[in-house]
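Basis for what follows: all heavy atoms, side chains included, without hydrogens, waters or symmetry-related copies. Starting from 1, each residue takes its place in the sequence as its number.
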Amino acid sequence: MLKLEEINEYLFYEFAYDVTFSKSDVSETWPFKFRYLETFQLDHEIIRIYEFSDEGDEYFFLDGPILTYYKKEQMTIKELYNQLVGSRWISSQDPVELNRSIIGDDSVPSVKERRNTLNLIAKDDSILVQQNYSSWKALSIYIG
């Protein structure tokens, strides 16, 4: 876990404060003041959640194995947790990206077929019901 000054240093560059200010100005409370919210444990990882604001926009900062931040918009802490759990679940399903082909695997439609399906979905989302997908994995293969 990082110290608040280290988090501010990371965000100092992410938000391009280095264009106007000196890195020596970075402290625990500048350029951002953090408010600790909660700690999540996902699998074997610990992630501390803070909030901060910049020019009227509010953000979540995630201090864990990978540093990142999300614009809060109207997201609650519970929704952030669900987002993280959901993204891990999707990743564990070994999704197939739109531009990826797997030669010899009939369960993965061709790139052309997936693109055509996405174009149909863009025009009419009832296509998802019409296709009668047998599993979320099949749907994720189509969507990519």
With sequence neighbours excluded, give me every salt bridge (Lys or Arg N to Asp or Glu O under 4.0 Å) pair touching residues 30-39.
Arg35-Glu51
Approximate separation, where rounding is to 0.5 Å, of His44 NE2 and Gln41 CD:
8.5 Å
Membership question, hydrophobic clusters at under 4.5 Å side-chain separation (ILVMFWY): are Tyr36 and Phe52 in the same one?
yes
Could I get the full list of side-chain hydrogen bond (donor to acceptor under 3.5 Å, both in side chains) partners for Asp54, not counting sequence neighbours?
Tyr17
For Tyr81, look at atom OH and say whether over 12 heavy atoms of other residues, nucleotides or ligands are found less than 6.0 Å away.
no
Using side-chain contact (heavy atoms from CB on, under 4.5 Å) as the criterion, list what pairs up with Ser22, not counting sequence neighbours.
Ser24, Asp25
Compile the donor-acceptor pairs under 3.5 Å between side chains in residues 5-14 and protein atoms, sequence neighbours left out, one pair per line.
{"residue": "Glu6", "atom": "OE1", "partner": "Lys3", "partner atom": "N", "Å": "2.8"}
{"residue": "Asn8", "atom": "OD1", "partner": "Phe32", "partner atom": "N", "Å": "3.1"}
{"residue": "Asn8", "atom": "ND2", "partner": "Ser27", "partner atom": "O", "Å": "2.9"}
{"residue": "Asn8", "atom": "ND2", "partner": "Glu28", "partner atom": "O", "Å": "3.2"}
{"residue": "Asn8", "atom": "ND2", "partner": "Trp30", "partner atom": "O", "Å": "3.3"}
{"residue": "Asn8", "atom": "ND2", "partner": "Phe32", "partner atom": "O", "Å": "2.9"}
{"residue": "Tyr10", "atom": "OH", "partner": "Leu67", "partner atom": "O", "Å": "3.4"}
{"residue": "Glu14", "atom": "OE1", "partner": "Tyr69", "partner atom": "OH", "Å": "3.3"}

Asp43: what forms a side-chain contact (heavy atoms from CB on, under 4.5 Å) with it, not counting sequence neighbours?
Arg88
Which residues share a side-chain contact (heavy atoms from CB on, under 4.5 Å) with Thr68, sequence neighbours left out:
Leu62, Tyr70
With a 3.5 Å distance limit and no angle check, can you tell me whether Thr76 reaches the backbone of Glu79 through a side-chain donor-acceptor pair?
yes
Could you check whether any side-chain N or O of Glu45 sits under 3.5 Å from a backbone N or O of Leu42, counting only pairs where one atom can act as donor and the other as acceptor?
no
List, by chain and number, the other hydrophobic cluster members for Ile46, where Ile, Leu, Val, Met, Phe, Trp and Tyr join if side-chain heavy atoms come within less than 4.5 Å, directly or indirectly.
Met1
Holding to salt bridge (Lys or Arg N to Asp or Glu O under 4.0 Å), I want the full list of residues that pass it with Glu55, two or more places apart in sequence or in another chain.
none
All side-chain hydrogen bond (donor to acceptor under 3.5 Å, both in side chains) counterparts of Ser87, not counting sequence neighbours:
none
Walk me through it: do Lys71 and Asp57 pass the test salt bridge (charged side-chain N to carboxylate O under 4.0 Å, His left out)?
CA-CA 7 Å; Lys71 197 169 187 180; Asp57 294 321; 3.7 Å; yes
Is there a donor-acceptor pair under 3.5 Å between the side chain of Arg48 and the backbone N or O of Leu2?
yes
Report yes if the side chains of Leu80 and Ile49 come closer than 4.5 Å at any heavy-atom pair, otherwise no.
yes
Taking only residues two or more places apart in sequence or in another chain, which ones pass side-chain contact (heavy atoms from CB on, under 4.5 Å) with Ser91?
none
May I ask you to test the Leu4-Tyr50 pair for a side-chain heavy-atom distance under 4.5 Å?
yes
Both conditions, 6.0 Å and 45 degrees, for the charged tip of Lys72 above the ring of Tyr59: are they met here?
no
With a 4.5 Å cut-off on side-chain heavy-atom distances among I, L, V, M, F, W and Y, is there a chain of contacts connecting Phe60 to Val85?
yes
Would you say Ile77 and Phe40 make side-chain contact, with heavy atoms under 4.5 Å?
yes
